[in-house]
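All remarks here apply to the structure that follows.
Numbered from 1 within each chain, the chains take letters A, B, ... in sequence-line order.
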Amino acid sequence: MTDTVPETKRPPVEDWATDFDHTHPDYAANAPEIWDDLRERCPVAHTERFGGAWLPTKAEDVRAIAEDTDRFSSRGIIINDFRPELDIAPRGYAPPITSDPPFHQEARRLLLPPFSPKKIAEWEPMARACCRELLDEVEAELAAGGDVVDAATAYAQDIPVRVIAAMLGLPPEDGDKFRVFIHRILETPGQHEDLDPGETLVAYLSEKIRERRERGADGEDLISYLLSVEGPDGNRLSDEHVFGTIALLLIAGIDTTWSAIGASLWHLAQHPDDRRRWVEDPDVRLFAIEEFLRFYAPVTMARLAAEDTEVGGCPVKKEDWLLLSFPSYNRDPEAFEQADEFVIDRARNRHSAFGLGIHRCLGSNLARLELTVAIEEWMERFPDFELADPGTVRWSTGQVRGPRCLPVRVLGREVSA
Amino acid sequence: MKISYDRDACQGHNRCYQLAPELFDVDEEGYAVLLVTGEVPAELEEKAKLCADNCPEFAIEVEA
C-alpha cells in the first residue's frame, strides 16, 4: 500500500499474531492484508496491549461470539486500557449497544420503530438535498480553480452529521463538535487524559438534554421522544439511560457512515469499470451497495469475556477483550466466493457489515439510505474521477475504518450518463 | 418452490424486504413479514432464492 501512514505514539507492532494493535496507523492502512495473513496462519490473534485482547479473523468464530451473549458481554464495546465497571451491567454506558439480555431487548424495542425501514425512508428527501447542497459547494470550489477535492472532508463526512443532527433536533452547525467527540472516543480511545471537562461529549449532551427538559420535550425529534417515552415498567427512562442512548445515536451514526461513503468513493476512484457499470446499469446499484458494505465494512465491535472460555481453540480468560471483526468475517473465503475480490453484482452476499445476532446495527436502514443516496448523487454529478495522489489518502485507526483524507481529481466534467 | 421464514432468527437486517418487497413486508419494529404462505409464485422464484442467499441470519429457506 502506498497510503500515508501518519506519526503515532503507539509502540511499533512486532508480530500481528501476538502483539496486534488496531489503534496503530499501520493497521489502519493495511487491515485487509493483516486479516488475510492472520486467518491463514493463526487464526485468532492475541495482544497483551489493552490489558489482554483477542482478534478472531474467521467468519465462524466471529459469528459464534456475536451469537453467544452469555459468554461474551457487551459491557465493553470499544477496546481501551480500562474496562467499564462491572456494576454498570446490564445497562452499560450507552444502551442498548452496551446492554446484555434481558435488559437489552427492552431498551432496543423502544428504538426500533423510529429506525424501521419505512420510518427511515421518510428521511430520504432530506438526505438527498443535503448531498446536492454539498456537491454544489464542491462544484463551486472546483469552478474557483483546480480539479481536486477531498471527498472525505468536503462531502462524505457531512452527510451523516446533518441527518442525525436533524433526527436528534440538534443544531447542524454543531457538526464539527460531534466529529471531535467521536474521533476521541472511537479512533483514539484512552489517549485523551488531559481534556477540559467542559469540552467533552458529556458536558455538551448534558446541556442539550437540560435545555430540552426545560423547554418541554414536545418536539418530534429523538431527544424529545426519549425524554417522554415510557419503559416497559411504565416509568420514564432514567437520566443515565436517556443520556447513554443519545450519546450512542450521535456517536454510532457518524464515523461509521462517513467511513462507508468514503471507502466506496475510494473504490470507485480506482475502478473505471465499476464506475461505468454503476452509471449504465441502475439495476446493479442495489447489489453494488451491499458489496461496498461487505468489502469495506467499517465497523469492528468488541466484547468482554464473561467467563473463562475458548475461541477457535484459544484460551480466553474472564475479562479479556475480544475484537469482533465483521470486516474480517466479510473477507473469509470460507464464507464468500472470491472473498478478496470486489464483485459489483455479487448476488450471494450474506455480509455482516451491520453485525450479527441481537445487536444488529440499529441504524442499518439509515446507514444504507445515506450510503445509497450519497453514491447516487456523487455519481450523478461526477461520474468520472480518480485518486489525486494515492500517497495522501489516510485511513482512520481504531474500530471504525474509513478514509479520513481522500483527495480525488474530478475528470472530464462534460461526461454524462 | 416453497419458502419458509424463521421469525426467531430474524434480526431485522431487511435484506429480504429490499430484494423482494413482493415476498416480504416489514412490521413497525423492522422485522420481516412473509407475504406468501408456502408456495412461491413462479415469477418470484429467483427473488425468493436471493432472499435466502442474502439473509445474514439464515432466517429464510427455500426448497425447489
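- Ion pair A/Glu106/A/Arg109 not flagged as a salt bridge, since none of the NZ, NE, NH1 or NH2 atoms sits closer than 4.0 Å to an Asp/Glu carboxylate oxygen.
- Residue B/Ala9: no heavy atom, backbone or side chain, is found under 4.5 Å from chain A.
- The two residues A/Ile261 and A/Ala374 come nearest to each other via the heavy atoms CD1-CB, 3.8 Å.
- For A/Asp221, the side-chain contact (heavy atoms from CB on, under 4.5 Å) partners two or more places apart in sequence, or in a different chain, are A/Arg212, A/Ile223, A/Ser224.
- Ring-plane geometry between A/Phe103 and A/His241 is classed as tilted, the angle between the planes lying from 30 to 60 degrees on a 0 to 90 degree scale.
- Within 6.0 Å of CD on B/Glu22 lie more than 12 heavy atoms contributed by other residues, nucleotides or ligands.
- Put simply, of A/Pro117, A/Ser116, A/Ser352, the one with the most heavy-atom pairs under 4.5 Å next to chain B is A/Pro117.
- A donor-acceptor contact shorter than 3.5 Å is absent between the side chain of A/Arg75 and the backbone of A/Ser99.
- Contact of A/Phe115 with chain B is not made at all, since no heavy-atom distance falls under 4.5 Å.
- Below 4.5 Å, heavy atoms of chain A meet heavy atoms from B/Pro56, B/Glu57, B/Phe58, all part of residues 56-64 of chain B.
- Shortest non-hydrogen contact noted between A/Val299 and A/Pro327 is O-CD, 3.2 Å.
- In this structure, the side chain of A/Arg303 does not engage the main chain of A/Leu322 through any donor-acceptor pair within 3.5 Å.
- Atom CD of A/Glu67 has more than 12 neighbouring heavy atoms from other residues, nucleotides or ligands inside a 6.0 Å radius.
- Residues of residues 29-45 of chain B placed with any heavy atom under 4.5 Å of a heavy atom in chain A are listed by number as B/Glu29, B/Gly30, B/Tyr31.
- Closest approach of A/Ile344 and A/Val284 over heavy atoms only: O-CG2, 3.9 Å.
- Interface check for chain B: of the options A/Gly355, A/Pro114, A/Cys361, A/Gly357, the most heavy-atom pairs under 4.5 Å are formed by A/Gly357.
- Proximity of a side-chain donor or acceptor of A/Arg401 to a complementary backbone N or O of A/Pro298 within less than 3.5 Å is not detected.
- A salt bridge links B/Asp25 with A/Lys118: the distance from a Lys NZ or Arg NE/NH1/NH2 to an Asp or Glu carboxylate oxygen falls below 4.0 Å.
- Side-chain atoms of A/His104 and A/Ser74 form no donor-acceptor pair, as typed in the model, at a separation below 3.5 Å.
- Donor-acceptor pairing under 3.5 Å is recorded for the side chains of A/Arg39 and A/Ser328.
- For A/Leu111, no part sits under 4.5 Å from any heavy atom of chain B, backbone or side chain.
- Looking at A/Leu286, the atoms closer than 4.5 Å to chain B (heavy atoms on both sides) all sit in the side chain, from C-beta outward.
- Using a 4.5 Å cut-off between non-hydrogen atoms, no part of residues 332-342 of chain A approaches chain B.
- Listed for the B/Arg15 side chain is a donor-acceptor partner under 3.5 Å among the backbone atoms of A/Asn349.
- Put simply, the side chain of A/Asp281 never gets that close to the backbone of A/Arg277: no donor and acceptor are under 3.5 Å apart.
- Within the 4.5 angstrom heavy-atom criterion, only side-chain atoms of A/Arg63, from C-beta onward, approach chain B.
- Contact annotation for A/Asn365: only side-chain heavy atoms (C-beta onward) come within less than 4.5 Å of a heavy atom of chain B.
- No donor-acceptor pair closer than 3.5 Å links the side chain of A/Asp100 to the backbone N or O of A/Asp70.
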